[in-house]
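Order of the sequence lines sets the chain letters (A, B, ...), proteins ahead of strands, with each chain counted from 1. Nothing here was measured: the structure is a model prediction, and the numbers come from that model.
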Amino acid sequence: MIEARRLVKQFGAVTALAGLSVEVPEGRVGLLGPNGAGKSTFIKLALGIFSPTSGSVEVLGESVTTAGPTLRQRIGYMPEHDCLPDRLTGVEFVVEMAQVSGMARQAAIQRTHEVLNHLRMGEEKYRPISEYSGGMRQKVKLAQGLVHGPELVILDEPTSGLDPQARRDMLRTIRTLTELGHSNVLLSTHILHDVEKVCDHVIIVSQGRLQMVEQVESLLASLENWVEVRVGEPRDAFCKALEQRKLEWEEHGPALRVSFRGDETFGAIIAAAEESGAPLLRMERATRALEDLYLEVVK
Amino acid sequence: MSEARVMDRYRRYTAALGDRRTIVWGMGWREFMRLLRSKWVLLVIGLAWLQTLLLALTVLPFQTEPQLIHLLLYGDLETGGIRLQLVLLAAITGGQLISRDLSDQSIHLYLARPLTRVDYLLARLLTLLLLFLLAALLPNLYLALVQWTDAGYALAWLGDHRWMLLATVGYGLLVAVTFSLLALACSALTGRSGFAAAGFFLTVYFPSFMVETGYALVQDERILLFSVLHLLDMVGHEMFDAPQWATVYGYSFEVELGWRTPFLLLAAVWAATASAVTLRLQRLEVTR
């Protein structure tokens with residue numbers, strides 16, 4: 001969907017991207033990173049709003065540099081910040097954005113209503129944007145990004161500033177609408193939960209460099225299901241006893257992490273301790289959240 | 001329509017999208033139509049048309065040089081011209097066009113569409129050009145039509161005065177582009193419609209006042225080149241093949257500055273203002 005090669009972007013003395021190379025797969029992809037990681041810069045380079053200092057970027061199989069702004073007809077973009085004209089109604093604004101994407105007026109009006117109805121805007125869509133709540137403003141921002149039926153939708157912090165209920169609704173809507181419309185999604189966020197809920201893949205960037213590309217499902221599977229064990233000496237004998245019972249383990253500071261294979265794992269650990277003569281000091285089921293991994297990666 | 005059919009329509013949707021030229025034209029036209037719904041815009045255009053009618057009734061019957069009537073129309077209020085109305089129109093409309101998109105930040109959404117910064121500027125410029133054509137070019141064509149009817153609808157008159165007719169259109173565009181670019185630059189640089197309108201007024205009238213004062217002091221006609229209004233006057237006289245006249249504190253006198261310098265300076269004003277707007281937009285994207 002997006003392929004960046006040795007992408008460098010400098011703003012004066014500040015290096016926003018320092019040789020980022022990444023192949024963003026098709027589907028729903030989360031772009032994770034702390035503030036200042038280079039996420040927004042990467043998005044603007046993918047949209048062709050900036051030119052890279054060096055390196056190249058291809059979006060939907062076309063070079064951003066050679067395809068020019070017409071490539072943006074295939075992309076929908078929802079920025080993070082508030083950027084809605086309060087003087088217009090929701091419908092008027094989305095129709096205007098559809099026409100600025102190149103749609104004819106009648107088609108723009110029809111499609112605007114379809115998208116806003118899917119977003120459950122109801123009769124509110126005829127009210128001026130100045131009267132909208134935060135959640136409705138986010139919906140209108142999303143609608144303008146979807147209205148022209150883009151192949152790729154780039155969402156920059158779409159749940160920013162929303163209350164928990166509105167956030168849940170927004171995530172569900174993003175998932176449903178992009179599934180229905182067969183759109184690819186690049187979701188830039190620093191909220192891990194959003195990625196878990198919406199995305200198939202996750203890309204972690206930090207300090208302008210790629211840190212990780214992984215499938216969310218396999219990542220979550222690998223993160224969970226550990227039993228943290230503390231034993232006395234002889235520790236080596238205990239580890240061998242674990243291996244004999246086909247249990248994987250790894251050192252984790254003073255403790256051991258043993259893979260969890262169901263409730264029988266506890267019995268197997270106790271048996272290994274008995275067999276090796278190592279006193280079992282502590283045994284606790286531990287799950288490592290995506291957040292732990294994220295913090296490890298961006299450190 | 002059942003929910004399943006609505007879902008199916010959504011799923012199968014493929015938009016038919018026009019090219020950039022269509023988008024730019026559409027943006028310009030929609031904004032033009034929106035501005036025409038403003039009572040202030042209609043009032044200023046109405047005043048320009050009324051002024052034209054007065055000029056046609058009072059001055060035209062005594063005017064022996066057909067092209068001079070057009071120069072008069074573009075002149076100051078006291079000579080029967082509509083310059084003040086044109087400046088007002090640019091201030092009211094041009095002042096708000098870009099500043100409004102900047103203040104509500106919708107500019108970021110426009111620039112994420114299939115438009116370059118130059119396309120965006122052209123779309124906004126087109127809106128103002130259409131307004132100026134309505135306010136200035138149509139009255140000028142009306143004056144030309146009156147002259148033609150006075151000449152007995154003779155086709156020969158049109159042939160004899162074809163350069164005058166071309167100059168009427170050309171000068172109309174020149175004035176429109178100059179005022180539009182200046183107003184858009186003020187709009188982009190200030191980011192607030194009120195400041196932009198005031199800034200535009202100052203940009204147009206303050207240098208004019210200064211160079212006239214300067215001329216009164218040093219009596220060097222080259223100082224007049226530093227005022228956009230005087231530059232436009234000089235270029236206009238050249239286009240209509242009339243002797244160059246400048247006006248200082250209401251007194252008109254002939255000047256000899258040639259055609260090259262005023263034309264080049266006006267081109268420089270265009271380039272500088274267009275660059276200022278595009279640089280401002282570029283800077284905006286970097287800081288967001």
*Give, as side chain, backbone, both or neither, the part of A:Arg74 having an atom under 4.5 angstrom from any heavy atom of chain B.*
neither

*Under 4.5 Å heavy-atom distance to chain A, tell me which part of B:Ala112 shows up: side chain, backbone, both or neither.*
both

*Please look at B:Ser106 and chain A and tell me whether the side chain, the backbone, both or neither of the residue comes under 4.5 angstrom of a heavy atom of that chain.*
both

*Atom pair CD1/CG of A:Ile49 and B:Leu281 - distance to nearest 0.5 Å*: 11.5 Å

_Report, in residue-number order, which members of residues 187-201 of chain B are under 4.5 Å from chain A by heavy-atom distance._
none

*Ignoring hydrogens and geometry, is there a side-chain-to-backbone donor-acceptor pair from A:Glu96 to B:Met27 under 3.5 Å?*
no

*Does the side chain of A:Met103 reach to within under 4.5 Å of the side chain of B:Leu17, using non-hydrogen atoms?*
yes

*Quick one: pull up CG in A:Asp86 and CZ in B:Arg100 and give me the separation to the nearest 0.5 Å.*
12.5 Å

*asked:* So if I take each residue of residues 131-139 of chain B and look for any heavy atom under 4.5 Å from a heavy atom in chain A, which residues do I end up with?
replied: none

*A:Arg6 atom CZ, neighbour heavy-atom count above 12 within 6.0 Å*: no

*Heavy-atom pairs under 4.5 Å with chain B are the metric here; pick the option from A:Gly145, A:Gly149, A:Ser101 that has the most.*
A:Ser101

_Which atoms of A:Glu80 approach chain B - backbone, side chain, both or neither, heavy atom under 4.5 Å_ = neither

*Heavy-atom side-chain proximity of B:Arg113 to A:Gln73 below 4.5 angstrom*: no

*Indicate yes or no: at least one non-hydrogen side-chain atom of B:Leu109 is less than 4.5 angstrom from one of A:Phe93.*
yes

*asked:* Tell me whether the count of non-hydrogen atoms from other residues, nucleotides or ligands lying under 6.0 Å of CZ in A:Arg209 goes above 12.
replied: no

_Neighbour count >12 (heavy atoms, 6.0 Å) for atom CD, A:Glu131_ = yes

*Please tell me if the side chains of A:Pro69 and B:Arg20 come closer than 4.5 Å, counting only heavy atoms from C-beta onward.*
yes

*Any donor and acceptor pair, going by atom type alone, linking the side chain of A:Arg72 with main-chain N or O of B:Leu115 inside 3.5 Å?*
yes

*Any chance CZ of A:Arg127 has more than 12 other-residue heavy atoms, nucleotides or ligands included, within less than 6.0 Å?*
yes

*pair B:Asp104-A:Arg87: side-chain heavy atoms closer than 4.5 Å*: yes

*With a cut-off of 6.0 Å (strictly less than), are more than 12 heavy atoms of other residues, nucleotides or ligands near NZ of A:Lys197?*
no

*A:Met97 vs B:Tyr110 side-chain heavy atoms within contact, under 4.5 Å*: yes

